[in-house]
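Notes follow the structure.
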Amino acid sequence: MYKFSQLFVQFCLLIALTLVPVWATAADSPSSSQTQNDSTPAPVKIVASVELSKLQKRLDAIKQQVSTATTDSQLTGLYNDSLTLANDAEALSAALHPDRAQIQAQLDVLGPAPVQGAMPETAVVAQQRNALNGRKAQLDSQIERVQSIKTGATNLSTQIVDIRRNALRTQMAFNSGSILGGKFWSPLLEPRSEDQRRINDFRQQIEDAWALSWQPDWRVGTSIFLLLAAAIWISGVRLLDYALAWLCTHWLPEGHLRRSFLACATALTTVLALGLGAELLLLAFTRHPDVSPAVLDFGNQLFSLTLFSALIVGLGRAFLSIRRPTWRLASMSNPIALALRSTPKMLAVCILLFGAVEQVNNIIGTSVSTTIFGNGIAALLVGLIAFISPVRVNRLRRQLAANGEQPEGRSTLAGLIHLSVCLTGISILLSLLIGYIALARFLTYELIWVGMVLSCLYLLLYLVNDLCESLFSTQNASGKMLKNSLNLDERHLAQAATLFSAIGKTLLILLAAVALFNGAFGSTTPMTLFNKAIEMWGGKGLEKLNIVPSSVMHAFLCLGIGLYVLRTAKRWLDKEFLPKTMMDIGIRSSLVTLFSNIGYVLVLLMTLATLGIQWNKLAWIVSALSVGIGFGLQEIVKNFISGLILLTERPVKVGDLISIAGVEGDIRRINVRATEIQLGDRSTVIVPNSQLISQNVRNATMGNAQGVATIALTFPLDIDPEQVRTLLLDAYEAHESILPTPAPSVKFSQLGPEGIVLSVTGYVSSPRMVSAAKSDLLFEILKRLREAKVALSSPRTMILQQPAPQDSGVE
């Protein structure tokens, strides 16, 4: 009876499983009469395996197209395709879930498989359970694949957005549409719902932070922070200006140091005051522990932007010096300074506002079109300021000249800066008009960053130079103390001032070069630049060869700046520093030449480093040079090494009188490959350096050599040698160029049928005086010989005369 009841239960379950699909179909479908009257066709059966294969192929195709896309329109289309693919995958997943639910309902009716020891179920039930479990596993696998495809499509759309966003910063040839087109203004006219949602969420987070800061327990602190920030912004800068003016007039010595120190201190105190006010304002609304991380991140980035904007304002106040025109560093008339008064403030406000908008876009992840809109508006305002300001200055200068007033004198460098700013503003506006907003953004931030770096460099160069002059000046207490304590004279103090000023300027220029090549507006701090300089000194960053267009541009800038700095340092070394030392002109010339050679090598290495060329990747260059040296460059290398030997060992130096291979003249210059020798007729002979090392060279002036004036004269045999000897010695001793020590002497050189040869010798202070002294002595000796009626021996003349023919007497 028990077995019969179990068989009856299993039979009922089997019938129920058979009827479940029918009941489900009857419950979900209309009646037969309605079906007959309904003209709508039945839904097409979805084949999941086929649809999955199509979706996967579409995903792979989109990925491949993304890797080769080069324009913003292509990326936009692929972004839409990826979103469509994600929606199709979601639809397929929704279509598969009812089938899985139906199978799960059938499995629930069957129940679990009997445990061990229980009555076994029939083969039909076991077979049906296995079939249902297999179908369920297949559907689970298909649903998992669909979810994977959907996730991949969603991630791909996010990557496309990142690619477009990065292209706005890195790809200057990225055309995203003109600012005159409707696509550019679409975020403002037709904002996307997703952007609105994200912006509203972020605005709600800011409102929550505002509400948290005004809670009863935090209200007093918020009020104090806001009052302190307002007080610092309103009166802090002015009070610091008064304090700095008093400090300069009462503590600093008279001189140029006062105005350079005041200019630098003005810029620094402006940054400190505005930065401190911004920090207090941020603390008022972000110090609560429940503030969201996005708001905290935005606050930190906004503080950095505030510091940079404050630096722009401070540099403008330092350069223009509206309140103290007589302390102005730059050569600028007061009307022009007043006309430019608002320019730094407007520029700082534009950078702060639209920089904050860009940071918000990055934090909340708005669409690329919204980011392009913000970047385009910021570039437009900065470009207009950069274009209008120089135009206003030129117009004002023309008005001053027309009214008979003298505008300020402007150097060539100032004119180049003025022209560069104007051309950059025009380039920004043109880039916006033709649709290259990425290029406009790059030019905008480069203009601001380069202007800030060069302005800081200008102020600090003046400060270092004035500080060194004031520190080592004997008119000040510091200079007097150094002079008395170290027992130095004024010449040594002047040398020290020049040397330390040059070292400080060099370090500032190098730091400015690092800032120009490795810095970025809004994200670079002095410590970042210092660490970057240390890394570059240690060789970090040269691990691979990575030449990109921006690196090429930086390499050209590095080459130009390096050559300019090298020539300036060479001129300073040759004209200012070395003449103050006790070195002779030859040593000074050798040092200048050696310095320039080393400088050119360093500039070349820095240029290669800026390109991103790795030193251990240059083996092919070394191999090529070795082959070239073996076949054609060995003479050049030999002369180069010989030139270094001449500059260091100095067997000959600039100014020496030498004789080599029948050429005698003064050394004027020792170059890398050859040496220039100036002859007596002012012509120049170029002698390779290797000849000065490998051949016999007579250095007539080495070791303070004296010149020898020797004259050999031939007299008849019937003269009185003693009389002539006395006459010659008197002529030598009477000449002012002949040195008394060693004394002049006369030697009996030769006695022959032609006459007596007497040689008279005297010494002069320099070999270069020999020729002139011998000429003067010959005039004097001939004059004295005529007065003493002593004749010189004339050469014998042999006359051969043919005898006349004799008469033979034959008629």
* To do: Tell me, with the steps shown, if Cys456 and Leu315 meet side-chain contact (heavy atoms from CB on, under 4.5 Å).
  => CA-CA 8 Å; Cys456 294; Leu315 291 174; 4.0 Å; yes
Looking at side-chain heavy atoms only, is the closest gap between [X] and [Y] below 4.5 Å?
{"X": "Asp60", "Y": "Gln64", "answer": "no"}
{"X": "Leu302", "Y": "Gln359", "answer": "no"}
{"X": "Arg395", "Y": "Arg398", "answer": "yes"}
{"X": "Gln301", "Y": "Ile363", "answer": "yes"}
{"X": "Phe442", "Y": "Leu447", "answer": "no"}
{"X": "Met346", "Y": "Leu381", "answer": "no"}
{"X": "Leu85", "Y": "Leu59", "answer": "yes"}
{"X": "Leu52", "Y": "Val146", "answer": "yes"}

In Å, rounded to the nearest 0.5 Å, how long is the span from [atom1] of [X] to [atom2] of [Y]?
{"X": "Asn300", "Y": "Glu279", "atom1": "CG", "atom2": "CD", "result": "8.5 Å"}
{"X": "Thr269", "Y": "Leu276", "atom1": "OG1", "atom2": "CG", "result": "12.5 Å"}
{"X": "Leu281", "Y": "Thr222", "atom1": "CG", "atom2": "OG1", "result": "10.5 Å"}
{"X": "Leu92", "Y": "Ile143", "atom1": "CG", "atom2": "CD1", "result": "9.0 Å"}
{"X": "Leu508", "Y": "Leu459", "atom1": "CG", "atom2": "CG", "result": "11.0 Å"}
{"X": "Ile179", "Y": "Trp185", "atom1": "CD1", "atom2": "CH2", "result": "7.0 Å"}

* Asp201 and side-chain hydrogen bond (donor to acceptor under 3.5 Å, both in side chains): which partner among Arg203, Gln204, Gln205, Arg197? ->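 Among Arg203, Gln204, Gln205, Arg197, the one meeting side-chain hydrogen bond (donor to acceptor under 3.5 Å, both in side chains) with Asp201 is Arg197.
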Taking all heavy atoms of [X] and all of [Y], pick out the closest pair and write down the distance.
{"X": "Ala512", "Y": "Leu457", "answer": "CB-CD2, 3.9 Å"}
{"X": "Val421", "Y": "Pro390", "answer": "CG1-CG, 4.1 Å"}
{"X": "Ala379", "Y": "Ile428", "answer": "O-CG2, 3.3 Å"}
{"X": "Cys422", "Y": "Phe387", "answer": "SG-CD1, 4.0 Å"}
{"X": "Leu347", "Y": "Ile312", "answer": "CD2-CG2, 4.3 Å"}
{"X": "Ala440", "Y": "Leu432", "answer": "CB-CD2, 3.5 Å"}

Quick one: does any side-chain atom of [X] pair with a main-chain N or O of [Y] as donor and acceptor, under 3.5 Å?
{"X": "Asp297", "Y": "Pro293", "answer": "no"}
{"X": "Ser213", "Y": "Trp210", "answer": "yes"}
{"X": "Arg287", "Y": "Ala284", "answer": "yes"}
{"X": "Ser82", "Y": "Leu156", "answer": "no"}
{"X": "Ser186", "Y": "Lys183", "answer": "yes"}

* Arg58 bridged to Asp81 by N-O distance under 4.0 Å ->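 Asp81 and Arg58: not salt-bridged.
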* To do: Check step by step if salt bridge (charged side-chain N to carboxylate O under 4.0 Å, His left out) holds for Glu358 and Arg441.
  => CA-CA 12 Å; Glu358 183 176 0; Arg441 179 190 181 277; 2.8 Å; yes
* Asked: Between Trp218 and Trp214, is the gap from one ring center to the other below 6.0 Å?
  ->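 Trp218 vs Trp214: aromatic centres not under 6.0 Å.
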* Ring centres under 6.0 angstrom apart (Phe319, Tyr458) ->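 Yes, they do, as the ring centres are separated by less than 6.0 Å.
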* **Heavy atoms of other groups near Glu207 CD, more than 12 under 6.0 Å** =>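 Yes, because the 6.0 Å sphere around CD of Glu207 holds more than 12 heavy atoms from other groups.
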* **Residue Glu144 excluded, over 12 heavy atoms near CD under 6.0 Å** =>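 Not more than 12 within 6.0 Å, no.
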* To do: If the plane angle is over 60° it's perpendicular, under 30° parallel, otherwise tilted; pick one for Phe373 and Phe184.
  =>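 Correct class here is tilted.
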* **Working for side-chain contact (heavy atoms from CB on, under 4.5 Å), residues Ser431 and Ile437** => CA-CA 6 Å; Ser431 301; Ile437 296 179; over 6 Å; no
* **Contacts of Thr270 that satisfy side chain to side chain donor-acceptor pair (under 3.5 Å) - sequence neighbours left out** =>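 Only Arg317 meet the side chain to side chain donor-acceptor pair (under 3.5 Å) criterion with Thr270.
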